[in-house]
Novice: 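Below is one structure. I have some questions about it.
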Amino acid sequence: MSLGEKLRSLRLKTRKTLCEQSRILGVSMNSVYRWEHDLTTPRQPMLKFIADYYSVPLDWLLSDNSNASLVSEDEMDLLGMFRELNDNSRYKVLGYVERMCVEERRVEEYHY
């Protein structure tokens, strides 16, 4: 998967339009389009910003390993929905997930 394909995939899986993405990144829609179609490459500071924004490692974003799949489609869908929530709802979701993880660990420890 090329850099452009990864950028497009991240944007689409988080349900962002070209316009929304360009506003988030502070660049033109044309720049985002050109990056996603591998016509140009974002500079290093922008790549770092994009990686941080999508919570993906910069080295994954830059790797040319076509088999590299860092985040599943379900995880990207979840991330997209999470980002649509207001701060209070995000806090509730994080608390719920944390409680679920603690419970999962307890169950795993019990079975050993």
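Numbers here simply count residues along the sequence, with the first being 1.
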Novice: Walk me through it: do L10 and K16 pass the test side-chain contact (heavy atoms from CB on, under 4.5 Å)?
Specialist: CA-CA 9 Å; L10 289 168; K16 299 280 186 263; over 6 Å; no

Novice: Take W35 and T41 through the side-chain contact (heavy atoms from CB on, under 4.5 Å) test and state the conclusion after the steps.
Specialist: CA-CA 5 Å; W35 296 340; T41 302; 5.7 Å; no

Novice: Under a 3.5 Å distance rule, please check whether S63 uses its side chain to pair with a backbone N or O of W60 as donor and acceptor.
Specialist: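 Flag set: sc S63 to bb W60 pair under 3.5 Å.
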
Novice: Run the salt bridge (Lys or Arg N to Asp or Glu O under 4.0 Å) test against K48 and tell me which residues pass, sequence neighbours left out.
Specialist: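 K48 satisfies salt bridge (Lys or Arg N to Asp or Glu O under 4.0 Å) with D52 only.
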
Novice: Any chance OH of Y33 has more than 12 other-residue heavy atoms, nucleotides or ligands included, within less than 6.0 Å?
Specialist: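 No - once you tally the heavy atoms of other residues, nucleotides and ligands closer than 6.0 Å, there are 12 at most.
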
Novice: Between E20 and R23, does at least one N-O distance fall below 4.0 Å, as a salt bridge requires?
Specialist: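 No, no charged N to carboxylate O under 4.0 Å.
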
Novice: Give the minimum heavy-atom separation between P57 and A51, together with the two atoms involved.
Specialist: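 Reported closest heavy-atom pair: C-CB, 4.4 Å.
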
Novice: Step through the shown structure and confirm whether more than 12 heavy atoms of other residues, nucleotides or ligands are within 6.0 Å of OH on Y91.
Specialist: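 No, the 6.0 Å shell around OH holds no more than 12 heavy atoms from other groups.
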
Novice: On a heavy-atom basis, which atom in P42 and which in L3 lie closest, and how many Å separate them?
Specialist: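 That would be CD-CD2, 4.0 Å.
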
Novice: Listed by chain and number, what are the salt bridge (Lys or Arg N to Asp or Glu O under 4.0 Å) partners of D59, not counting sequence neighbours?
Specialist: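 Residues passing salt bridge (Lys or Arg N to Asp or Glu O under 4.0 Å) with D59: none at all.
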
Novice: State the CD1-CZ distance between I24 and R11, to the nearest 0.5 angstrom.
Specialist: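 If we round to the nearest 0.5 Å, I24:CD1 and R11:CZ are 10.5 Å apart.
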
Novice: Run the side-chain contact (heavy atoms from CB on, under 4.5 Å) check on L25 and M46 step by step: do they pass?
Specialist: CA-CA 8 Å; L25 301 177; M46 180 58 71; 4.0 Å; yes

Novice: Can you confirm whether M29 is buried at CE, in the sense that more than 12 heavy atoms of other residues, nucleotides or ligands lie under 6.0 Å from that atom?
Specialist: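 Not more than 12 within 6.0 Å, no.
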
Novice: Is there a path from L79 to M81 through hydrophobic residues (I, L, V, M, F, W, Y) whose side chains come within less than 4.5 Å of each other?
Specialist: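 Different clusters: L79 never reaches M81 through Ile, Leu, Val, Met, Phe, Trp or Tyr contacts under 4.5 Å.
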
Novice: How long is the straight-line distance from CD of E84 back to CZ of R90, given to the nearest 0.5 Å?
Specialist: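 The distance works out to 10.0 Å.
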
Novice: Under 4.5 Å between side-chain heavy atoms, hopping through other hydrophobics if needed: is there a path connecting Y54 to L78?
Specialist: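 Per the 4.5 Å side-chain linkage, Y54 and L78 are not co-clustered.
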
Novice: Do L61 and L7 make a side-chain contact, defined as non-hydrogen atoms from C-beta onward lying under 4.5 Å apart?
Specialist: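 A side-chain contact under 4.5 Å exists here.
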
Novice: Can any side-chain N or O of R99 pair as donor or acceptor with the backbone N or O of G95 at less than 3.5 Å?
Specialist: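 Side chain of R99 to backbone of G95: a pair is present.
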
Novice: Roughly how far, to the nearest 0.5 Å, is CD of E36 from CG of D38?
Specialist: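 Going from the CG atom of D38 to the CD atom of E36 covers 9.5 Å.
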
Novice: Between Y53 and R83, is a side-chain contact (heavy atoms from CB on, under 4.5 Å) present by the stated rule, with each step listed?
Specialist: CA-CA 11 Å; Y53 178 79; R83 288 192 170 151; 3.4 Å; yes

Novice: Give the cluster check for V32 versus L62: same hydrophobic cluster or not, with ILVMFWY residues linked at side-chain heavy-atom distances below 4.5 Å.
Specialist: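 Yes, because V32 and L62 connect within a single hydrophobic cluster, where side-chain heavy atoms sit under 4.5 Å apart.
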
